[in-house]
2 protein chains.
Amino acid sequence: MTAQSEPGFEPSGLAADATSGDDLRTRLREAGFRLTPQRRLVLQAVVDLGHSTPEEICAQVQRTADGVNASTVYRTLDVLEQIGLVRHTHLGHGAPTYHAADDANHVHLVCEGCGVVIDAPVGVADPLVGTLRDAYAFELDVQHFAIYGTCAECAGGR
Amino acid sequence: MTAQSEPGFEPSGLAADATSGDDLRTRLREAGFRLTPQRRLVLQAVVDLGHSTPEEICAQVQRTADGVNASTVYRTLDVLEQIGLVRHTHLGHGAPTYHAADDANHVHLVCEGCGVVIDAPVGVADPLVGTLRDAYAFELDVQHFAIYGTCAECAGGR
DNA sequence: CTTACTGCAAATATTTTGCATTTGG
DNA sequence: CCAAATGCAAAATATTTGCAGTAAG
């Protein structure tokens with residue numbers, strides 16, 4: 001039920017910067033927001049979890065620290081999304097899934113069978129991007145892009 | 001906020017059959033279900049509306065007849081989906097969107113700006129289908145496929 | 001007749017909101 | 001200090017479930 005290609009911890013230091021304090025503080029202040037411990041914790045949780053629902057983020061944050069109220073988590077995710085550090089995708093079922101914006105260079109392949117989320121490089125969608133642009137003047141948002149289907153495991157007898 | 005290519009009423013008589021009673025009754029009975037007026041009404045609403053949320057289906061059904069309870073609508077959508085007459089897609093925001101299975105030969109292009117849903121033939125996804133199959137053994141479910149992006153209107157200055 | 005189906009109301013689950021208190025800058 | 005952010009509890013939504021009465025076959 002979790003990602004195969006585990007980002008987990010910052011691929012190349014990008015995510016680390018976001019949470020180290022500096023970048024986060026700057027970004028927040030530019031938009032008129034303040035830096036609070038809760039916001040740092042929530043961003044850290046999003047980065048660490050890779051893909052996660054608000055509920056999972058709540059749980060993760062409770063665990064890691066004094067606890068952040070659920071409503072604060074929701075409000076914080078909004079703020080972090082506004083300043084572009086976090087993005088969300090609808091993977092289907094119920095809740096939206098959040099991930100660090102830095103970690104967005106992939107599309108999500110969601111298996112309808114087992115729910116696994118496979119990350120594929122954005123490049124796989126290039127042909128489709130071209131087709132849609134040409135035929136419909138539709139600009140595909142590859143980041144916010146969830147693709148449904150069946151993974152090898154679930155397709156093969158197993 | 002509605003589809004551009006309006007299916008609305010049965011493209012080639014296919015959908016008509018589904019609601020005319022015969023096919024619906026047969027399909028239901030084969031799976032051990034009964035034919036009820038409510039089920040006919042809900043299916044009719046799904047066919048007529050093209051894409052619709054449970055809420056919209058409720059509204060449509062109330063209007064057309066004596067009224068069907070919301071919980072019955074939810075239960076009926078499940079049943080209709082089980083017997084393959086209806087399918088649902090997650091278009092993002094909140095509620096899932098239902099449509100007649102017959103009406104499924106297209107992918108949904110969802111504009112993040114204005115929310116419009118454009119129907120494109122499944123063919124547009126063929127290159128992607130091939131790529132994913134080859135590279136990930138991932139079998140794309142083109143039917144259950146919602147694609148996010150920005151439509152011409154919202155992209156162009158307007 | 002028998003069993004499935006429906007309506008209703010209560011239960012869940014999820015996200016939002018109002019407000020008093022706390023706190024960042 | 002002052003505005004913004006938090007926590008909490010209540011509200012708003014959306015969907016599910018238990019149950020007794022109704023109806024399909």
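To find a chain, count down the sequence lines: A is the first, B the second, and so on, and within it residues start at 1. Only a predicted model underlies this, so the values are computations on that prediction, with no experimental measurement involved.
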If I take atom [atom1] in residue [X] and atom [atom2] in nucleotide [N], what distance separates them, rounded to the nearest angstrom?
X      : N       : atom1 : atom2 : result
D78(B) : dA4(C)  : CG    : C1'   : 16 Å
L24(A) : dA5(D)  : CG    : P     : 12 Å
L41(A) : dA5(D)  : CG    : P     : 16 Å
E55(B) : dA12(D) : CD    : P     : 16 Å
R39(A) : dT6(D)  : CZ    : C1'   : 9 Å
H88(A) : dT15(C) : NE2   : P     : 11 Å
Q62(B) : dT6(C)  : CD    : P     : 14 Å
E30(A) : dA4(D)  : CD    : P     : 17 Å

Practice task
Say whether, by atom type as modelled, one donor and one acceptor occur between the side chain of R27(B) and the main chain of I83(B) under 3.5 angstrom.
Solution key: yes
Practice task
Please step through side chain to side chain contact (heavy atoms under 4.5 Å, CB included) for the pair R29(B) and L35(B), ending with a clear verdict.
Solution key: CA-CA 8 Å; R29(B) 305 243 67 220; L35(B) 176 61; over 6 Å; no
Would you indicate, yes or no, if [N] has its OP1 or OP2 atom less than 4.0 angstrom from a side-chain nitrogen or oxygen of [X]?
X      : N       : answer
N69(A) : dC8(D)  : yes
Q38(B) : dG7(C)  : yes
Y74(B) : dT15(D) : yes

Where do N or O atoms of nucleotides 23-25 of chain D meet protein N or O atoms at under 3.5 Å, pair by pair?
unit_1: dA24(D); atom_1: O3'; unit_2: L35(B); atom_2: O; d: 3.4
unit_1: dA24(D); atom_1: N3; unit_2: R34(B); atom_2: NH1; d: 3.1
unit_1: dG25(D); atom_1: OP1; unit_2: L35(B); atom_2: N; d: 3.2
unit_1: dG25(D); atom_1: OP2; unit_2: R25(B); atom_2: NH2; d: 2.6
unit_1: dG25(D); atom_1: O3'; unit_2: R29(B); atom_2: NH1; d: 3.4

Students should find that the end-to-end axis angle of the helix from dC1(C)-dG25(D) to dG25(C)-dC1(D), with five pairs defining each axis and rounding to 10 degrees, is 40°
Polar atoms only, N or O, under 3.5 Å: list the protein pairs with nucleotides 17-22 of chain C and their distances.
none

Those residues at least two apart in sequence (or on a different chain) that pass side-chain hydrogen bond (donor to acceptor under 3.5 Å, both in side chains) with R34(A) are none
- Task: Assign the ring pair H51(A) / H106(A) to parallel, tilted or perpendicular, where the plane angle (0 to 90°) is split at 30° and 60°.
- Result: perpendicular
Heavy-atom side-chain contact between [X] and [Y] under 4.5 Å:
X       : Y       : answer
L132(B) : L109(A) : yes
L128(B) : I147(A) : yes
Y98(A)  : T53(A)  : no

Those residues at least two apart in sequence (or on a different chain) that pass salt bridge (charged side-chain N to carboxylate O under 4.0 Å, His left out) with R133(B) are E139(B)
Under 3.5 Å, which donor-acceptor pairs link side chains of residues 69-81 of chain A to any protein atom two or more places apart or in another chain?
unit_1: N69(A); atom_1: OD1; unit_2: S71(A); atom_2: N; d: 2.8
unit_1: N69(A); atom_1: OD1; unit_2: S71(A); atom_2: OG; d: 2.6
unit_1: T76(A); atom_1: OG1; unit_2: T72(A); atom_2: O; d: 2.7
unit_1: E81(A); atom_1: OE1; unit_2: H88(A); atom_2: ND1; d: 3.2
unit_1: E81(A); atom_1: OE2; unit_2: H88(A); atom_2: N; d: 3.0
unit_1: E81(A); atom_1: OE2; unit_2: H88(A); atom_2: ND1; d: 2.6

d(Q44(A) CD, L49(A) CG) to nearest 0.5 Å is 9.5 Å
Audit row: V107(B), D119(B), side chain to side chain contact (heavy atoms under 4.5 Å, CB included) steps and yes/no
CA-CA 6 Å; V107(B) 295; D119(B) 293 340; over 6 Å; no
